[in-house]
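Please read the structure below before turning to the comments.
Whatever order the structure lists them in is the order used to number ligands and atoms, beginning at 1. What you see is a predicted model; the values in this text were computed from it and never measured.
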Amino acid sequence: MKKFMDEDFLLQNDTAKRLYHQAAETMPILDYHNHLEPQVIYEDRCYPDIAEVWLGRDHYKWRAMRADGIGEDKITGKASGREKFDAWCAVMPDLIGNPLYHWTHLELKRYFGMDTIICPENADQIWEQTNAMLNTPEYSVRNLLRKMKVKTLCTTDDPLDDLHWHKLLKADFEIRVLPAFRPDPVLNIEKEGYLEYLGKLAELTGEDCGSWEGLKAALKKRMDHFAEQGCKLSDHALNGDFYAPADEAQIQKLLDQKKADQSLTISQLRQYRGAVLVFLASEYVKRGWAMQLHIGALRNNNSRMFAKLGADTGYDSTDDPMIAGQLNSLLDAMEQNAGVPKLILYSLNSKDYEVLATAAGNFQDGSLPGKIQLGSAWWFCDQKRGMEKQLDTLAEVGLLSRFVGMLTDSRSFLSFPRHEYFRRILCNKLGTWVENGEAPQDWTQLEKMVRNICYDNAVRYFEF
Ligand SMILES: O=C[C@H](O)[C@@H](O)[C@@H](O)[C@H](O)C(=O)O
């Protein structure tokens, strides 16, 4: 029987083991999508205890704790860090089969050198040993990133953001911390606060954001501001309604309708969002930016807890939208307008992987290998089976060799072993194909493919 999470964890044959240890293990990390706070990086904070760094902002863990019967007081409430940590240790034995069980043990190994099983009996030892380390300069946030060989990371930032901390970091930290342009508030015309947001955008840019031309001019100015801080990516979270054809005059009418406090129909919402996305895509083409589309999250479903805790607190679901027609029409509209930018397509529902990968294949224009990507397994799909399904679909319908690889998508500075988790799964897949005779044992080709997917493809693709 294999030892729990040993050095060959997830590597089921000799070819997989050789590929991981020879080609993947030492590769640096380019984390092109996460929700880390640039101010925390600039201030190079040390965390007071393991509870803060493990449980402070990670709603994946909050969700698991609730499911296991832990009261909110010991999750996001007023309980002490130790009480929350003890609650987490009580939950962990119940998480076998959940990726958090692997991720959390991997984090304990990689950052703290501990092979201890996380459970109530070991809580004291883990609390004392990790906190003793966390309170040393070696465990400052910047050193946590250095420890994992992170070379570049992209945060997720609102167009109104002054990027003050990114600016300071550029001159002060060897790891590149770059902003990503996330214009969701402009896309979400149906949401409360939309007009207020446009007001702030107008004030910041001096443009009349109540007009379609003014709104586009304002967004261009903010993209220029982001470009000055090295931005190379954008990101957009979309529900199931994101494209219907419309002409520019129609978009102005929709803006006027919203300003007159008249809600939009679903069809009008699709027209507005589609026009914004086609416009943004044309600007991204000019700037050479990559465009990420995160489709299919049904967010903030527990209205009582949303009112109490806000968004991204563990109350989201996978949606089941019908997106194939809209997606292909959106990409076709982009293509006819100013061309399709570098594009990474994610769905929170893995049923859509073939939809995304086949849509990608319709608009590859030969200008860049893998220009349009099936994005990595995202959020609820970000586990062993979900990652394998994404890798299989990309290989079967697209080009796995051109994949730009993993990202943490995390709010915790201890999440970077997720890249290792992905790399092990990738090497096991390739190793299995080789040992089954489904791929030649050409070490040069295989090791190059692994290094490309782990890091080199992303460096070329994003032009970092
Ligand atoms: O993975 C989960 C994420 O952190 C989730 O909370 C969202 O932030 C989502 O990724 C997004 O970028 O909109």
Requested in this report: Please collect all side chain to side chain donor-acceptor pair (under 3.5 Å) contacts where either partner lies in residues 186-197, sequence neighbours excluded, each pair once.
Outcome: Asp158-Tyr197, Asn188-Arg273, Glu190-Arg273, Tyr194-Tyr272

Requested in this report: Please list, chain by chain and in numerical order, all residues satisfying side-chain hydrogen bond (donor to acceptor under 3.5 Å, both in side chains) with Asp73, sequence neighbours excluded.
Outcome: none

**Report entry** Proximity of Phe181 and His236 rings by center, below 6.0 Å
**Finding:** no

Query raised in the report: Taking any residue with a non-hydrogen atom under 4.0 angstrom from an atom of ligand 1, which ones do you get?
Result: His33, His35, His59, Tyr60, Arg182, Arg299, Asp312, Trp378, Trp379, Asp409, Arg411

For residues 141-150, which side-chain N or O atoms pair as donor and acceptor with protein atoms under 3.5 Å away, sequence neighbours left out?
{"unit_1": "Arg142", "atom_1": "NE", "unit_2": "Ile41", "atom_2": "O", "d": "2.9"}
{"unit_1": "Arg142", "atom_1": "NH1", "unit_2": "Asp172", "atom_2": "O", "d": "2.9"}
{"unit_1": "Arg142", "atom_1": "NH1", "unit_2": "Asp172", "atom_2": "OD2", "d": "3.0"}
{"unit_1": "Arg142", "atom_1": "NH2", "unit_2": "Tyr42", "atom_2": "O", "d": "2.9"}
{"unit_1": "Arg142", "atom_1": "NH2", "unit_2": "Asp172", "atom_2": "OD2", "d": "2.5"}
{"unit_1": "Asn143", "atom_1": "OD1", "unit_2": "Arg146", "atom_2": "NH1", "d": "2.8"}
{"unit_1": "Asn143", "atom_1": "ND2", "unit_2": "Pro137", "atom_2": "O", "d": "2.9"}
{"unit_1": "Asn143", "atom_1": "ND2", "unit_2": "Ser140", "atom_2": "OG", "d": "3.3"}
{"unit_1": "Arg146", "atom_1": "NE", "unit_2": "Glu174", "atom_2": "OE2", "d": "2.6"}
{"unit_1": "Arg146", "atom_1": "NH2", "unit_2": "Glu174", "atom_2": "OE1", "d": "3.1"}

Query raised in the report: Are any of the side-chain nitrogens in Asp86 or Arg82 under 4.0 Å away from the carboxylate oxygens of its partner?
Result: yes

Query raised in the report: Would Asp31 and Asn34 count as having a side-chain donor-acceptor pair, cut-off 3.5 Å?
Result: yes

